[in-house]
Amino acid sequence: MRPRLRIRQWMMIGMLIVMLLPRLLFEISDLLDRYVIGSSLYERQQSALTAAIRTVSETNAARWAEPDWQASLQSMAKLSGLGIILLDDSGREILHAVPAGTEEAANRQLSVIEHGEVRGQALFFVPKRSSGLATGCAIITAIGAILFIGWQMGRFVVKPLEAMSAAARRIADGDLDFHLPESNVLEVATVRSALDALGSSLRESLTRQSELEEERRFFISAIAHDLRTPLFTLRGFLTRLEKGMTGNQEKAARYISICSNKAEQLERLISDLFSYTKLESIEQTLRPELVEPGRLFAELAEEFRPIAREKSIELNYKEDVYKEDVTFIGDSHLLRRAVGNLIDNAVRHTPSGGNIMFGWRKEDDRIVFTIEDTGTGIVEQDLTLVFEPFYRGDKSRNPAYGGVGLGLTIARRIVRAHKGEVTVQNRSLSGGAIFTGWVPLG
């Protein structure tokens, strides 16, 4: 991952680049020009300076005023670009040959002494060296640095901000399909991450909303389908009873019994519907309290034993031998509903003469409970679907079973709200299912 700096730090770096880089390139180019490119000119000027000094020093000061000698010296100085000023013993100029571009201060000064007296002075000037290469490199480097910083600002600040502005407008229009470029500026990257997270969250929300809407439509159709059958039957038998079409007391009693069963089915459907509407907020509605699993499960066994007996089903209950010492924190009311749904499912899918084995045990740091029946079992490929909302096996389509396939969904979500889990497997190839659940003790 590339390092990210704050915008103030990037500004300081940019200022240092603009200030220091051109100067550095100027110095490097100047040295290159002096000692590599212009080295021959420098050597030629130094050689000419040495020759001029020798000529002046070896010539009698009386000859400095001779036109021919001065012309020869001026020619030498002109060819090498040197500047020469000759002064007599009184300080009056005899020769002034200083070309434009030389330094005002003399580079060399020579005094001619004869017989112990100063006869004259010679001043020698070397032209001021100016490097066009160094100046050009410095200017180009400064322009390049400014352009580079501007390009980087556009890439890592302006472009991401423009993209985020466009993304915000697209979000406002309901379009969540956008891409934001990366940025090395910390503040811009932070805003980019927040906007990207917002887009992802909105996409997930829309997907979830779509799924919930599809689930809601399916749920309504399932409820409408399952409510219609018992209502139609109930209405038909009540009409017969109302019109006195029973014929005898025994037939009337049978009609009343059928109506009672259908009313129970309707009550079960409405109960499942009411429970399912609360599933999304189970974690927020938990009422933790001290739960004694031995007491909770024993009461459930006693509650469902008469219901099972009506179908000629034997409900056997087995509890942990250490039941007196085991407690945990949970919502006893919701746990009663969850385990009750599992037992109710076993009763509804176990034929007359069958058996249901219900028990629990302490296992390490959790409570494990099982409900095992001798029913028809579950089709192997449906084992992963039984806890899905509205799932119902083929046998549950029989009106006698009631429900819309929410009981197992409710049970699992309640147990998961307690940080536990519920699983299912077939008892054997001959039939039967085993539901196993657990909740932590901690």
side-chain contact (heavy atoms from CB on, under 4.5 Å) assessment of Leu383 paired with Gln425: CA-CA 7 Å; Leu383 284 173; Gln425 66 185 59; 5.6 Å; no
For [X] and [Y], indicate whether the former's side chain and the latter's backbone hold a donor-acceptor pair under 3.5 Å.
X	Y	value
Asp373	Ala433	yes
Ser210	Leu206	no
Lys362	Asp364	yes
Ser205	Ser201	yes
Ser260	Ile256	no

Side-chain heavy atoms of Ile171 within contact of Leu195, under 4.5 Å: yes
Heavy-atom side-chain proximity of Thr50 to Ile53 below 4.5 angstrom: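 The answer is no; the side chains never approach within 4.5 Å.
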Inter-residue atom distance [X].[atom1] - [Y].[atom2], 0.5 Å rounding:
X	Y	atom1	atom2	result
Arg361	Phe369	CZ	CZ	11.0 Å
Glu314	Met357	CD	CE	10.5 Å
Met76	Leu49	CE	CG	11.0 Å
Arg348	Ile313	CZ	CD1	11.5 Å
Leu342	Phe304	CG	CZ	9.5 Å
Thr423	Phe435	OG1	CZ	9.5 Å

For Phe358, ring pair (Phe, Tyr, Trp, His ring centres under 6.0 Å) partners two or more places apart: Phe297, Tyr317
With sequence neighbours excluded, tell me which residues meet salt bridge (charged side-chain N to carboxylate O under 4.0 Å, His left out) with [X].
X	answer
Arg427	Glu372
Arg309	none
Glu162	none
Arg366	Glu363

Sequence neighbours left out, what passes side chain to side chain donor-acceptor pair (under 3.5 Å) with [X]? Give chain and number order.
X	value
Ser165	Arg169
Glu303	none
Asn426	Glu380
Glu289	Ser332

Atom CZ of Arg170 with >12 non-hydrogen neighbours under 6.0 angstrom: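 Buried by this count: over 12 neighbours within 6.0 Å.
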Within 6.0 angstrom of Gln209 CD, more than 12 heavy atoms from elsewhere: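 No, the 6.0 Å shell around CD holds no more than 12 heavy atoms from other groups.
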Identify the two heavy atoms, one from [X] and one from [Y], that lie closest to each other, and give their separation to 0.1 Å.
X	Y	value
Ala346	Ile371	CB-CG2, 3.7 Å
His349	Asn345	ND1-O, 2.8 Å
Thr327	Leu441	O-CD2, 3.7 Å
Val415	Ala338	CG2-CB, 4.2 Å
Pro293	Ile367	CG-CD1, 4.1 Å
Lys311	Thr350	NZ-O, 3.5 Å

With sequence neighbours left out, what residues match [X] under side chain to side chain contact (heavy atoms under 4.5 Å, CB included)?
X	answer
Glu204	none
Ile146	Val18
Leu16	Leu20

